[in-house]
There are 2 protein chains.
Amino acid sequence: MLSNACKYAIRSVLYLAIHSDATAKIGVKTIAQELETPQPFLAKLLQQLTRDTLVSSTKGPNGGFYLDDNNKQNTVWDVIKSIDGTKKFDTCFLGLSKCNNNNPCPVHFIVVPFKESILSNFRDKTILEYSDEIKNTQQVLSLKDLNLLDGAAPK
Amino acid sequence: MLSNACKYAIRSVLYLAIHSDATAKIGVKTIAQELETPQPFLAKLLQQLTRDTLVSSTKGPNGGFYLDDNNKQNTVWDVIKSIDGTKKFDTCFLGLSKCNNNNPCPVHFIVVPFKESILSNFRDKTILEYSDEIKNTQQVLSLKDLNLLDGAAPK
DNA sequence: ACAGAAAAAGATATTTTTATCTTTAATAGG
DNA sequence: CCTATTAAAGATAAAAATATCTTTTTCTGT
């Protein structure tokens, strides 16, 4: 559904939304460590996101990546479009080229509500709203420091 | 979620369930044409499915692939396990290694019900039951002959 | 001005997925 | 028994995704 690249990108943007601002930029190295992603690969992704003005950056000492207020008005869906494009999301679960309500594949009516639900989750909230929600509901972007058993309570 | 290979495989097995039996075998060429998949690639997949006794085959004139009664007692989930393994299905939508109910990623609680629902669809019905359902509800495995507009009714 | 830090850019490498090609083995029908 | 047909097996190829490396540019603090 989403490429690894895109998963890294989404988590990075949300991570930056929560932990960075114009006065507290974060370098790739740190982000990669925190999110447990390959560092040079992530650098490329951040480069791409910066090109598309989904992320801000400055070079030089104390430079790094961050989200400004404008960046935070974008959505996770914008990130997906920047990295994966929309095709991957739109394709039929069983690979039928023209699967639709009138010519449904065997799982069409299971997949469609899910897709609608997750699409609206990605598309109808700004990064700002999204990251606030993450904070308020104790959701997780990295499991670096969590070394919990399956049944354990969150820290 | 599923590789192309796996999508081809699932559709092939269901196609064979509907259109073949021990007295009416079908060659790769036909299957590939009907399902619009690359022929030699599909041949490899059918070979693999045959090795795992999910599909039957005989060589020589009038040979080809088919499902016998035993084959039809397997499930779509068995096909997935044969081609993709289970990992692809089990991984977190945003790539977190240990995402779970206690440490949920931001979309965990949207994804989990969907996964459960589609997993039970794949795991709790035999291929026989599955293919009967396809026939009864006019679902589609190929769109080869359908050249319909989005809004058109099924043939 | 200079040195160091960090991203940008471009080139390269590796791995996985997808796809094809060639040869061999089995089978049925004449 | 011979030939045509078809899957099996193995080798190879192409494309895409993932990952890394090297050089350049930009910026900051001194």
Side-chain angles (χ1 to χ4, degrees), chain A residues 1-12 16 20 22-33 35-68 71 80 82-85 87-88 91 95, chain B residues 1-12 16 20 22-33 35-68 71 80 82-85 87-88 91 95:
Chain A
M1 209 80 133
L2 296 178
S3 66
N4 287 345
C6 199
K7 293 174 183 178
Y8 298 161
I10 292 171
R11 289 198 281 138
S12 295
L16 287 172
S20 80
T23 68
K25 297 158 193 170
I26 308 180
V28 210
K29 201 174 165 185
T30 305
I31 304 173
Q33 278 170 357
L35 301 183
E36 297 178 288
T37 64
Q39 200 242 87
F41 190 54
L42 184 61
K44 280 292 169 200
L45 297 172
L46 288 169
Q47 213 172 297
Q48 168 69 24
L49 293 171
T50 304
R51 246 183 262 120
D52 286 352
T53 66
L54 296 168
V55 164
S56 301
S57 73
T58 61
K59 298 181 183 178
N62 303 319
F65 296 93
Y66 64 100
L67 298 198
D68 64 20
N71 298 143
I80 293 173
S82 171
I83 302 296
D84 271 357
K87 253 185 206 169
K88 261 184 195 147
T91 53
Chain B
M1 212 79 135
L2 297 178
S3 66
N4 286 346
C6 199
K7 293 175 184 178
Y8 298 160
I10 292 172
R11 289 198 280 137
S12 296
L16 287 172
S20 80
T23 69
K25 298 156 194 170
I26 309 180
V28 211
K29 201 174 164 185
T30 306
I31 305 173
Q33 279 170 357
L35 301 183
E36 296 178 288
T37 64
Q39 201 242 85
F41 190 54
L42 184 60
K44 280 293 169 201
L45 297 172
L46 288 168
Q47 214 173 294
Q48 167 70 22
L49 293 172
T50 303
R51 247 183 262 117
D52 285 352
T53 66
L54 296 168
V55 164
S56 301
S57 72
T58 61
K59 300 180 184 179
N62 301 319
F65 296 93
Y66 64 101
L67 298 198
D68 64 21
N71 298 142
I80 293 172
S82 171
I83 303 297
D84 270 357
K87 252 186 208 167
K88 260 183 195 148
T91 52

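Hydrogens, waters and symmetry mates are skipped; everything else that's a heavy atom, side chains included, is used. Letters go in sequence order (proteins before strands), and every chain restarts at 1.
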With distance as the sole test, does Thr30(A) use its side chain to make a donor-acceptor pair with the main-chain N or O of Ile26(A) at under 3.5 Å? no
In whole angstroms, the gap separating P of dA16(D) from CD1 of Ile83(A) amounts to 18 Å
What contact category does Lys29(A) fall into here, base, sugar-phosphate, or nothing, at under 4.0 angstrom with non-hydrogen atoms? nothing
Rounded to whole angstrom units, what separation is found between the CG atom of Leu45(B) and the C1' atom of dA19(C)? 10 Å
Taking the nucleotide of DNA chain D with the closest heavy atom to each, which residue, Val28(B) or Gly60(A), is nearer the 5' end? Val28(B)
OP1 or OP2 of dT18(D) sitting under 4.0 Å from any side-chain N/O of Asn4(A)? yes
Distance in angstrom units between Leu35(B) CG and dA19(C) C1', rounded: 17 Å
Send over the distance from Lys7(A) NZ to dA19(D) P, rounded to a whole Å. 12 Å
Taking any heavy-atom pair under 4.0 Å as a contact, classify Ile26(B): base, sugar-phosphate, or nothing. sugar-phosphate
Exam field: side chain Ser20(A) to backbone Lys25(A), donor-acceptor pair closer than 3.5 Å: no
Between dA25(C) (P) and Arg51(B) (CZ): distance, integer Å: 17 Å
Go through dA7(C), dA25(C), dA9(D) for me and flag the one nearest to the Lys59(B) side chain. dA25(C)
Using whole Å, what does the distance between atom P of nucleotide dA17(D) and atom NZ of Lys87(A) come to? 11 Å
May I have the distance from Leu42(A) (atom CG) to dA9(C) (atom C1'), rounded to whole angstrom? 16 Å
Assert: residue with more 5' nearest nucleotide on DNA chain C, out of Pro61(B) and Gly27(A), is Gly27(A)
Select base, sugar-phosphate, or nothing to describe what Lys88(B) touches, counting heavy atoms under 4.0 Å on all strands. sugar-phosphate
Ignoring backbone atoms, test whether Tyr8(B) places a side-chain nitrogen or oxygen under 4.0 Å from the OP1 or OP2 oxygen of dT18(C). no
How long is the line joining CD of Gln48(A) and C1' of dT18(D), in whole Å? 15 Å
Upstream residue (5' side of DNA chain C) when Gly63(A) and Lys44(B) are each assigned their closest nucleotide: Gly63(A)
For Lys25(A), answer base if it contacts any base atom (sugar-phosphate contacts may also be present), sugar-phosphate if it contacts only those atoms, and nothing otherwise; contact means non-hydrogen atoms under 4.0 Å. nothing
Would you please name every residue forming a salt bridge (Lys or Arg N to Asp or Glu O under 4.0 Å) with Lys44(A), sequence neighbours left out? none
When all nucleic acid strands are considered with a 4.0 Å heavy-atom cut-off, which category describes Pro40(B): base, sugar-phosphate, or nothing? base
Mind checking Ala43(A) for me? I need base, sugar-phosphate or nothing, with any heavy atom below 4.0 Å counting as a touch. nothing
Is Asp52(B) reaching over with its side chain to a backbone N or O of Leu49(B), donor-acceptor style, under 3.5 angstrom? no
Nearest to the Phe41(A) side chain among dA7(D), dT18(D), dT18(C), which nucleotide is it? dT18(D)
Reckon Ser57(A) has a side-chain N or O less than 4.0 Å from the OP1 or OP2 of dA6(C)? no
Considering only heavy side-chain atoms of Ala5(A), the closest of dA9(C), dA9(D), dT18(D) is dT18(D)
Has Asp68(B) got a side-chain atom pairing as donor or acceptor with Ser56(B)'s backbone, closer than 3.5 angstrom? no
Side-chain N or O of Asn62(B) less than 4.0 angstrom from OP1 or OP2 on dG29(C)? yes
Verdict with reasoning, Lys29(B) to Gln39(B), per side chain to side chain contact (heavy atoms under 4.5 Å, CB included): CA-CA 6 Å; Lys29(B) 201 174 164 185; Gln39(B) 201 242 85; 4.1 Å; yes
